[in-house]
Amino acid sequence: QVQLVESGGGSVQAGESLRLSCAASGRTASSLTMAWFRQAPGKERDIVAAISARGGLTRYADSMKGRFTISRDIAKNTVYLQMNSLEPEDTAVYYCSSDLDWTKVLRGTPKYWGQGQQVTVSS
């Protein structure tokens with residue numbers, strides 16, 4: 001079993017930055033593809049970014065490229081999402097997720113999910 005514990009959400013002004021963290025625990029934690037999804041009110045949950053188990057591959061949603069950066073500390077089994085130049089449209093609940101299968105993550109069907117972090121960006 002894998003547990004994902006997130007932190008770092010909050011309220012900021014437009015143009016500011018936030019960094020989300022997600023610590024994975026469990027026997028297979030070091031082998032997991034990890035990703036961030038987000039869900040805004042009344043909208044579907046969409047992928048934000050994903051990173052492979054060893055950190056060599058990353059994928060971003062087009063609208064986040066250049067503003068968001070996903071990274072991971074392999075020794076700590078922790079993944080980060082650095083969010084810069086935040087906009088009100090980035091307001092959502094952000095979820096950490098993981099799976100041993102890279103393709104399942106990219107399809108939006110990872111097995112493991114965190115509890116979610118609210119990010120609110122005001123103009």
Side-chain angles (χ1 to χ4, degrees):
Q1 188 70 14
V2 172
Q3 290 187 326
L4 303 175
V5 179
E6 303 155 344
S7 60
S11 298
V12 296
Q13 298 287 320
E16 294 183 342
S17 300
L18 274 177
R19 189 177 80 157
L20 302 179
S21 300
C22 175
S25 62
R27 195 171 59 180
T28 59
S30 62
S31 301
L32 295 166
T33 289
M34 298 185 73
W36 291 95
F37 288 73
R38 72 182 187 184
Q39 186 168 21
K43 296 188 176 181
E44 294 185 350
R45 187 160 55 187
D46 294 322
I47 193 167
V48 174
I51 188 166
S52 61
R54 303 304 296 173
L57 291 175
T58 57
R59 290 289 186 274
Y60 293 91
D62 287 343
S63 61
M64 284 62 156
K65 288 180 180 178
R67 296 192 302 125
F68 291 9
T69 303
I70 191 170
S71 62
R72 71 189 296 165
D73 185 326
I74 294 171
K76 295 181 180 179
N77 287 328
T78 299
V79 66
Y80 305 98
L81 184 68
Q82 178 67 43
M83 304 183 291
N84 298 328
S85 302
L86 283 163
E87 304 167 351
E89 293 74 22
D90 295 317
T91 295
V93 178
Y94 285 72
Y95 295 92
C96 178
S97 68
S98 67
D99 200 294
L100 291 172
D101 190 329
W102 169 262
T103 58
K104 286 184 179 179
V105 172
L106 295 187
R107 285 201 304 261
T109 58
K111 184 175 182 179
Y112 304 107
W113 292 90
Q115 78 279 11
Q117 288 285 297
Q118 178 67 49
V119 171
T120 302
V121 185
S122 55
S123 58

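Heavy atoms only: backbone and side chains are in, while hydrogens, waters and symmetry mates are out. Index from 1, following the sequence. What you see is a predicted model; the values in this text were computed from it and never measured.
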Only counting residues at least two apart or in another chain, list the ones meeting side chain to side chain contact (heavy atoms under 4.5 Å, CB included) with V121. V12, A14, L86, P88, D90, T91, V119
Would you confirm whether E6, through its side chain, and G116, through its main-chain N or O, come within 3.5 Å as a donor-acceptor pair? yes
Residues in ring pair (Phe, Tyr, Trp, His ring centres under 6.0 Å) contact with F37, at least two apart in sequence or another chain: W113
CG (L4) and CD (Q115) are apart, to the nearest 0.5 Å, by 8.5 Å
Could you go through residues 42-50 and list every donor-acceptor pair under 3.5 Å that involves a side-chain atom there, pairing it with any protein atom two or more places apart or in another chain?
none

For the side chain of R67 and the backbone of S85, is there at least one donor-acceptor N/O pair under 3.5 Å apart? yes
Tell me, please, which residues at least two apart from K76 pass salt bridge (charged side-chain N to carboxylate O under 4.0 Å, His left out). none
Return all side-chain donor-acceptor pairs below 3.5 angstrom for residues 16-24, not counting sequence neighbours, or 'none' if the list is empty.
residue : atom : partner : partner atom : Å
E16     : OE1  : Q13     : N            : 3.0
S17     : OG   : N84     : OD1          : 2.9

Restricting to pairs with a member in residues 26-95, which pass disulfide bond (SG atoms under 2.5 Å apart), not counting sequence neighbours? none
Any side-chain heavy atom of R38 within less than 4.5 Å of one from Q117? no
Which atom pairs, one a donor and one an acceptor, fall under 3.5 Å between side chains of residues 98-110 and the rest of the protein, sequence neighbours left out?
residue : atom : partner : partner atom : Å
D99     : OD1  : D101    : N            : 2.8
D99     : OD2  : K111    : N            : 2.9
D101    : OD1  : T103    : N            : 2.9
D101    : OD1  : T103    : OG1          : 2.5
D101    : OD1  : K104    : N            : 3.4
T109    : OG1  : K104    : O            : 3.3

Would you check if Q1 and Y112 make a side-chain contact, meaning some heavy-atom pair closer than 4.5 Å? yes
For residues 71-100, the ring-ring contact (aromatic ring centres under 6.0 Å, His included) pairs (sequence neighbours left out) are none
Enumerate the disulfide bond (SG atoms under 2.5 Å apart) contacts for residues 25-88, please, sequence neighbours excluded, ordered by first and then second residue. none
Using side-chain heavy atoms (C-beta onward) and a distance below 4.5 Å, is V2 in contact with S25? no
Contacts satisfying ring-ring contact (aromatic ring centres under 6.0 Å, His included) that involve residues 3-36 (not counting sequence neighbours) are none
T58: which residues meet the side chain to side chain contact (heavy atoms under 4.5 Å, CB included) condition with it, sequence neighbours left out? I51, Y60, I70
Residues two or more places apart in sequence or in another chain: which of them pass side-chain hydrogen bond (donor to acceptor under 3.5 Å, both in side chains) with Q118? T120
